[in-house]
Amino acid sequence: MHTAEATHEDSHDNLIIDNKKLLMWVFLGSDCMFFGTLISTHLIYRKLYPESFDPTALFSLELTSFSTFILLMSSFLMALAVSAMHKGELKSFRNNVIGVVFFGLIFLGCQVYEFAHFVHEGLTLSTNTFGSTFYMMTGTHGVHVAIGVFWLVCMYFYSHTGKMNAHESAVDVEVAGLYWHFVDIVWIVIFTVVYLIEFI
Amino acid sequence: MTDNDYQPVPLAPDSHKDSETEKYHTFVNLALGLAAITGIELVLVYLPFNKALIFTVLITLSLFKFVAVIAWFMHLIYDKLILTLAFGTGLSIATGTFIALGFLTSRGNVDMEAITGF
Amino acid sequence: MSYTEIQTPKNPSTKDTTSVPQVLTPQSSQIGLMRPDHSKNVIIDWLTTVDHKKIGLMYGAIALFFLLVGGVEALIIRTQLAIPENDLISAQRYNQLFTMHGTTMIFLAIMPLNAAFFNFLVPLQIGARDVAFPRVNTFSLWAFVAGALVINFGWILQALQVMGLFQASGPTAGMNDFVPAMGWFGYAPITGINFTGAGTDFWIMGLQILGIASLSAAMNFVVTIINMRAPGMKMMRMPVFTWMTLVVSLLIVFAFPAITVALGQLMFDRCFGTNFFVVAGGGQPILWQHLFWIFGHPEVYILVLPAMGIVSEVLPVFSKKPLFGYAIVVFSGAVIGFLGFAVWSHHMFTTGLGKVATAAFSLLTMAIAVPTGVKIFNWIGTLWGGRVRFSAPMIFSIGFVWMFMMGGFSGIMHSSAPADAQQQDSYFVIAHFHYVAIGGIFLAVVAGIYFWLPKMIGKMWKGNLSTWVAIFSTAGLNITFFPMHFLGLLGMPRRTHTYLAGFGWETYNLICTIGAYILAFGILLLVVDIVRCFRYGEPAGDDPWDARTLEWATTSPPKVYNFAKTPIIPARDALWENKYGPKNRKITYEDDHGHGIHMPSQSWMPLIASLGFIPLGLGMSLMQAGVPFMGYFAIFGLVMLSIGVALWAIEGPGGYHLNAKENVA
Amino acid sequence: MKSISVRLLRIFSTVSIWVLTAFISGCSLDTRMSTFVPKGPIAETQLDLFMLTVWVTGFIFIAVGGVYTYTIIKFREKPNDDRPLPTQGHGNPLIEIGLIGASIFLLVIIAVPTLQGIWFTHDTPDDPESRMGTWYNGDELSDEEADNPLIIKVKGYRWWWAFEYPQLGITTANEMVIPAGKVVHLELRSVDVIHSFWLPKIAGKVDLIPGRTNSMWIQAGDNYLNWKEKHGHKADDESLRSEYSSYLEEEIHDYYYGQCAEYCGDSHARMLFRANVVNDDDFTTWVADEKNGHKAPSNMNWDEWYAAYDENPNQLSGDLHEGLKIFMGRGQCATCHQVAGNPRALGVAGPNLTNVGSRMSIAAGWLNHRSDTNNVDIEKQYDNFFKWIKETDVVKPGNLMWRANGGGIGELTNENGEIALLTDDEIHKLSLYLQSLK
Ligand code: HEA
Ligand code: HEA
Ligand code: CUA
Ligand SMILES: [Cu+2]
């Protein structure tokens with residue numbers, strides 16, 4: 001729906017951006033602070049107590065690299081899905097979204113496995129600061145992924161109601177995509193500064 | 001959970017077609033690149049080089065991935081400047097704050113005797 | 001693209017956009033429920049409203065209520081401190097009082113007062129129909145209410161306990177300290193499970209909810225201000241108040257996540273045994289201080305920038321001159337905001353930061369004086385050569401500039417770190433921030449109330465009680481807070497429920513207490529004046545003050561749709577130019593092509609979703625205290641929240657059309 | 001309406017200026033915890049900086065405020081004002097730049113001494129005269145100890161202070177003793193929540209943060225060199241030395257008041273402490289006293305006393321013996337308190353009570369018995385001990401002597417496990433005993 005304002009391109013200093021898209025970018029800016037706080041808490045405690053815990057024995061770089069790869073590919077598919085939506089290719093959109101959801105689930109599966117494994121090895125939330133910060137940070141990220149998966153599943157089903165069309169829904173898809181990509185880049189950071197760095 | 005009211009009308013869809021195809025190629029290349037970088041990173045940590053060097057390279061690589069996803073997958077370079085500003089402000093405040101915070105904490109003051117949990 | 005090209009909307013219920021429905025009847029939404037539009041029931045209408053003006057008024061009313069609550073808390077504090085070794089209230093009660101006083105004033109009084117002005121004014125000032133996401137706006141309001149309830153829940157329990165209606169025994173035996181008592185910045189580890197009880201949980205959950213409310217509102221306003229401006233309303237034509245709203249919204253957006261995470265970590269420490277701030281497990285309480293002030297310092301500018309915005313609107317009107325140096329005032333507002341992210345450790349000068357860090361934060365803090373000074377100079381420049389009219393809003397604004405300046409000076413005294421070592425956590429700090437809070441923000445907000453209430457309710461102030469309000473509150477605040485500088489420098493620490501005689505503090509404390517009552521009387525008069533305005537005010541007319549900005553171009557109170565036709569803005573100070581400017585600066589209006597005005601539908605969903613926060617917050621808190629089944633209660637809240645959001649997404653925005661011609665008064 | 005308000009505002013400002021002046025001149029700034037009467041280089045630096053900020057902002061206040069007032073009065077609307085609209089000027093970049101420049105200039109005036117102050121107050125200076133070896137003439141110290149200034153480990157507890165002197169092997173509570181004119185290095189730690197060490201006349205505060213060690217240095221009074229410099233003395237002869245000691249004697253030797261300055265729970269308001277600044281000899285004597293501790297009543301040595309006590313407590317009679325018996329037995333005092341000399345009083349949960357009888361306050365400074373002549377007021381002291389033991393929870397709400405985890409004198413029981421608090425008679429004897437610890 002629209003207001004009269006919308007029709008006047010010159011009226012906004014030529015700033016016509018979709019409201020939702022702008023909202024999402026502002027939200028993502030805010031989320032930078034959010035994940036920044038989580039990640040820096042982790043790094044600070046690592047810096048304070050480097051000897052308190054050695055995660056290299058626990059971390060499996062292969063697994064984590066695999067999930068990183070998975071997440072990157074899901075991002076790729078997401079970009080394709082958005083692109084498809086813009087072109088109005090609903091079918092291609094659906095395929096890509098299914099792919100994203102699938103990859104997202106794999107990622108979550110890896111994380112669940114990882115957590116279960118760590119807990120089994122004796123690292124819990126309350127074991128030490130490493131446990132606290134690590135689980136809280138990666139867990140929060142996992143929740144973001146889960147929300148993204150849920151959102152995309154909803155979109156997928158919505159696309160079957162026939163109410164979705166290139167004209168109106170491209171932006172909705174794009175916004176979901178932005179979210180998904182952001183979750184991905186957060187993981188890029190986590191992968192490097194939380195996992196890889198422990199091994200050098 | 002957003003409202004649909006008041007959103008400006010999206011641009012006409014047909015003008016997108018060509019650019020979308022173009023983007024497709026970018027996306028594929030980028031995806032390959034990202035996968036490759038991740039591979040390189042994985043190998044890198046096991047290489048017997050100077051730690052500081054590896055560290056720098058790792059950070060640079062992931063920075064590249066980070067920026068690439070934002071710029072292309074998230075369309076930021078195709079989009080309006082205001083979006084870059086909105087996100088960039090948050091990103092830079094966050095980066096600045098947390099780098100500063102990192103410098104503000106040091107092992108020197110920690111009272112290890114008080115910590116019994118390790 | 002012209003208006004007629006707009007495609008058919010996707011919402012079937014309003015498909016028929018070309019013919020304007022003249023009979024306003026409720027319609028059903030996509031989920032088949034009736035939308036609560038046009039309800040005759042006033043309560044339903046206000047509960048489900050998406051109208052930014054009503055939301056603004058509700059924010060205002062609730063905030064004023066909490067201002068009185070916080071004020072009464074302050075009065076009890078002051079009464080207790082009037083004489084040495086007083087035992088009017090117990091130590092524990094006192095500690096609860098200052099904690100709740102600080103929390104209430106900052107989060108439940110000043111922030112929502114600002115939000116009231118944002119909501120009411122911003123869409124009007126930029127010539128929009130509403131905010132970008134009207135239902136999100138409703139959600140923010142009710143989430144704020146939910147958070148306020150959760151934080152204050154402890155008082156209710158305690159009252160019940162005192163009346164003998166509630167006892168912490170049996171299943172509730174684990175509950176103690178219902179009311180938070182650890183200071184408004186809740187320094188770890190006193191917030192830890194070993195040191196404080198249920199009150200801390202209420203505080204954590206309540207703040208968390210308030211944070212969500214603030215974040216959603218702030219994002220909404222960023223989008224509104226960037227996207228919803230009327231044609232011609234370029235960024236540099238926006239009223240300064242709108243500019244400050246934008247800056248403040250961005251500050252909220254970027255500052256709140258830090259405390260959200262910190263509160264989350266604290267909650268995990270309490271509920272799930274993590275070690276973020278638990279010393280034995282390696283936690284560093286100092287980290288909490290950093291995270292809190294990374295949020296907390298921007299927060300104080302979140303509080304004050306809107307006040308500066310208000311004053312920047314009032315001064316030009318009552319000196320009949322445009323704001324001196326508009327661009328630089330706007331710019332310095334932004335600079336203050338963003339420098340505010342770089343000074344947080346000035347609250348931690350005594351924590352052993354190290355020389356270099358202390359020096360850096362000391363200098364950065366001083367730097368903030370420059371943009372702030374610029375604002376002061378430009379306000380004076382605005383008055384210079386003008387024709388200064390001493391109407392109520394002006395009196396308070398003039399007072400603001402004085403008092404804020406004084407508060408700023410004690411800020412500068414703090415910024416010199418070695419000097420601050422003698423001031424930190426003493427009454428000197430209390431003096432500093434009450435000068436900026438009451439002398440500054442409060443006076444500005446009162447100026448705003450005197451200025452805009454006629455627009456909000458369409459009635460003009462009666463008589464000049466305002467003068468007495470000004471006299472009592474300014475006198476009161478100076479008498480209360482000026483001696484506190486001396487108290488602090490004479491060594492009286494803050495947050496002490498009593499003190500020994502013989503330290504030279506007695507006289508000062510007594511004077512402070514008397515002052516507080518004078519101030520209270522002033523505020524009482526303000527309340528009386530507001531009530532009088534509501535009851536006996538004469539119609540105000542559209543533009544009672546001969547004002548300059550767009551909100552005065554529409555009716556008082558404005559109609560739901562704000563402007564019958566969207567104005568096209570040719571210049572800054574649009575209304576002023578319209579009245580006195582050259583021909584080419586007149587406001588023109590867009591043609592609505594006879595489609596009528598599209599209005600968003602009201603909705604129950606934001607209310608339902610945000611009320612879910614109450615069981616969620618209380619449940620989490622009580623679960624921590626070991627009360628059985630509270631986990632389920634929390635889950636129930638979460639479910640309610642999710643269902644609310646889901647239905648909200650599904651029901652679709654709806655909307656109806658008004659024919660402005662028939663509705664324009 | 002306008003004219004009334006202007007008139008009222010004028011009256012208001014006149015009155016308030018008048019009130020302020022009267023008020024400021026009427027109140028003394030020389031009080032117990034006043035930062036206006038610094039007694040050492042740190043507090044002095046801090047006060048100087050503060051006064052600098054006061055002058056600078058005061059200047060701005062008068063300048064800006066003056067212009068402001070002038071503007072308001074000059075450009076006010078006159079009755080029946082029919083002048084044309086004011087010119088709609090939009091600003092003047094030159095003025096802006098000028099004022100920004102001026103502000104920056106004024107800030108630099110504050111900033112430079114601030115930086116110096118930060119550096120000066122931060123690092124413990126190496127002052128040859130303050131090294132333990134130079135002035136301390138008690139027991140031998142190791143070389144390293146002798147090279148350092150006096151070190152005190154300050155520990156914050158809810159709601160009292162422990163002062164440990166690691167070089168001297170003694171610990172005291174709530175009243176620390178330091179030598180005048182000497183640099184003292186403090187290490188600050190907390191065992192529970194955050195506290196803050198604030199001794200206003202000597203130094204601004206530094207926080208005690210659990211999980212961290214903070215440090216600060218303090219110095220009551222100037223050292224000889226600085227004192228000489230301040231008074232413009234060049235020569236160095238014995239008479240100056242004695243002039244210096246009389247300066248310390250007259251201006252510095254004193255009983256200083258301090259307080260916890262970070263909210264730490266229920267009795268935060270009652271977490272005070274004292275610093276007794278004395279000369280080198282008195283310090284040495286005090287240390288020796290603390291080290292030697294106490295003998296059992298009637299000058300018995302402890303082995304004899306405990307032998308008698310273990311055999312049959314009843315053979316020990318007299319108030320002091322009775323008091324000590326309660327202290328060791330029924331009162332369970334010794335489980336929490338340490339008394340030097342007494343081999344079985346080794347508790348660490350409460351303040352060290354060695355020489356508690358010669359301290360001039362108890363309950364972390366809340367109950368005072370200092371006489372006007374800087375001595376213990378015996379009667380008041382007795383009352384205070386009595387009050388403290390009888391109703392600890394009233395004197396200091398929530399305190400951990402009354403009800404600690406799993407104990408405390410609010411939970412004393414008889415043989416049947418019923419709560420049986422100390423009787424007044426028992427408390428009387430305890431108080432007498434505590435008074436004898438000096
Ligand atoms: C409401 C808002 C508000 C505002 C606007 C400010 C403004 C400032 N504050 Fe304040 N501050 C608080 C609210 C606020 N503060 C609160 C709530 C606390 C305590 C929290 C707690 O502990 O509970 C606090 C505490 C606080 C501290 C910590 C004290 C301590 O605990 O030890 C410091 C330290 O530097 C400080 C500094 C400043 C400075 C430098 C400014 C500057 O922005 C002021 C700038 C203004 C001026 C300087 C006046 C006008 C300028 C001119 C006329 C130009 C020329 C002037 C010069 C060149 C000097 N503040
Ligand atoms: C912006 C916020 C704000 C505002 C407006 C105020 C307003 C007031 N505050 Fe304060 N205050 C804080 C923010 C604020 N405060 C904060 C953050 C703290 C720190 C808390 C902490 O340490 O954690 C604090 C702490 C604080 C203390 C220190 C407590 C301590 O450290 O021990 C004191 C003591 O005097 C005080 C006093 C007052 C007084 C007298 C008012 C007055 O201005 C209030 C005036 C209002 C009224 C009086 C109500 C209206 C009047 C009526 C309804 C009249 C009729 C009713 C009756 C007479 C019953 N406040
Ligand atoms: Cu210890 Cu306050
Ligand atoms: Cu601050």
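Chain letters run A, B, ... following the sequence lines, proteins first and then strands; every chain starts at 1. The structure displayed is predicted, hence computed values, not measured ones.
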What part of [X] gets closer than 4.5 Å to chain D, counting heavy atoms only: side chain, backbone, both or neither?
X: Gln289(C); answer: side chain
X: Tyr94(C); answer: neither
X: Glu85(C); answer: side chain
X: Gln92(C); answer: both
X: Ala280(C); answer: neither
X: Leu489(C); answer: both
X: Val279(C); answer: side chain
X: Phe428(C); answer: side chain
X: Leu323(C); answer: backbone
X: Thr498(C); answer: both
X: Arg548(C); answer: side chain
X: Phe185(C); answer: side chain
X: Met406(C); answer: side chain
X: Met413(C); answer: both

Is there a side chain to side chain contact (heavy atoms under 4.5 Å, CB included) between Leu29(D) and Phe486(C)? Walk through the geometry before answering. CA-CA 8 Å; Leu29(D) 296 184; Phe486(C) 286 89; 3.9 Å; yes
In terms of heavy-atom pairs under 4.5 Å, which option from Ala269(D), Ser190(D), Cys260(D) contacts chain C the most?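 Maximum pair count with chain C is reached by Ala269(D).
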Option that, when pairs with chain C are counted at under 4.5 Å, heavy atom only, ranks first among Gly258(D), Ser215(D), Pro210(D), Gly117(D):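 Highest number of heavy-atom pairs under 4.5 Å: Pro210(D).
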Over all atoms of both residues, closest heavy-atom pair of [X] and [Y]:
X: Phe377(C); Y: Val64(D); value: CE2-CG2, 3.8 Å
X: Leu49(D); Y: Ala419(C); value: CB-CB, 4.2 Å
X: Asp425(C); Y: Ala261(D); value: CB-O, 2.9 Å
X: Asn95(C); Y: Gly265(D); value: ND2-O, 3.7 Å
X: Val374(C); Y: Glu96(D); value: CG1-OE1, 4.0 Å

Residue pair Asn214(D), Thr350(C): steps toward the side chain to side chain contact (heavy atoms under 4.5 Å, CB included) verdict: CA-CA 10 Å; Asn214(D) 276 340; Thr350(C) 58; over 6 Å; no
To the closest 0.5 Å, what do you measure between [atom1] ([X]) and [atom2] ([Y])?
X: Trp402(C); Y: Thr69(D); atom1: CH2; atom2: OG1; result: 4.0 Å
X: Ile60(D); Y: Ile376(C); atom1: CD1; atom2: CD1; result: 10.5 Å
X: Met405(C); Y: Thr57(D); atom1: CE; atom2: OG1; result: 10.0 Å
X: Lys74(D); Y: Trp384(C); atom1: NZ; atom2: CH2; result: 6.5 Å
X: Arg270(D); Y: Thr496(C); atom1: CZ; atom2: OG1; result: 10.5 Å
X: Ile380(C); Y: Ile95(D); atom1: CD1; atom2: CD1; result: 11.5 Å

For [X], is it the side chain, the backbone, both, or neither that has a heavy atom closer than 4.5 Å to a heavy atom of chain C?
X: Pro397(D); answer: side chain
X: Ile194(D); answer: both
X: Asp123(D); answer: side chain
X: Asp266(D); answer: both
X: Asn368(D); answer: side chain
X: Phe197(D); answer: neither
X: Leu52(D); answer: neither
X: Leu107(D); answer: both
X: Val54(D); answer: both
X: Ala203(D); answer: backbone

Regarding Thr351(C) and Asp207(D), is there a side-chain donor-to-acceptor distance under 3.5 Å anywhere?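 No pair is found: no donor N or O on one side chain lies under 3.5 Å from an acceptor on the other.
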Under 3.5 Å, is there a donor-acceptor pair between the Trp198(D) and Gln422(C) side chains?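 Note: Trp198(D) and Gln422(C) side chains meet the donor-acceptor criterion.
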Note, [X] side chain near [Y] side chain (heavy atom, < 4.5 Å):
X: Arg158(D); Y: Phe195(C); value: yes
X: Met492(C); Y: Gln259(D); value: no
X: Thr35(D); Y: Gln423(C); value: no

Quick check: Tyr263(D) with Tyr187(C) (ring centres under 6.0 Å apart)?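 Centroid separation for Tyr187(C) and Tyr263(D): 6.0 Å or greater.
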Are any side-chain N or O atoms of Tyr68(D) and backbone N or O atoms of Ile398(C), one a donor and one an acceptor, separated by less than 3.5 Å?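 Present.
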Could you tell me whether a side-chain N or O of Lys205(D) sits under 3.5 Å from a main-chain N or O of Gln424(C), the two making a donor and an acceptor?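 Side chain of Lys205(D) to backbone of Gln424(C): a pair is present.
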Here's a test for you: under ring-ring contact (aromatic ring centres under 6.0 Å, His included), which of Phe503(C), Trp505(C), Tyr499(C) qualifies with Tyr257(D)?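 Between Tyr257(D) and the candidates, ring-ring contact (aromatic ring centres under 6.0 Å, His included) is satisfied uniquely by Phe503(C).
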Test Phe36(D) against Leu490(C) for side chain to side chain contact (heavy atoms under 4.5 Å, CB included), laying out the working first. CA-CA 7 Å; Phe36(D) 290 108; Leu490(C) 293 181; 4.0 Å; yes
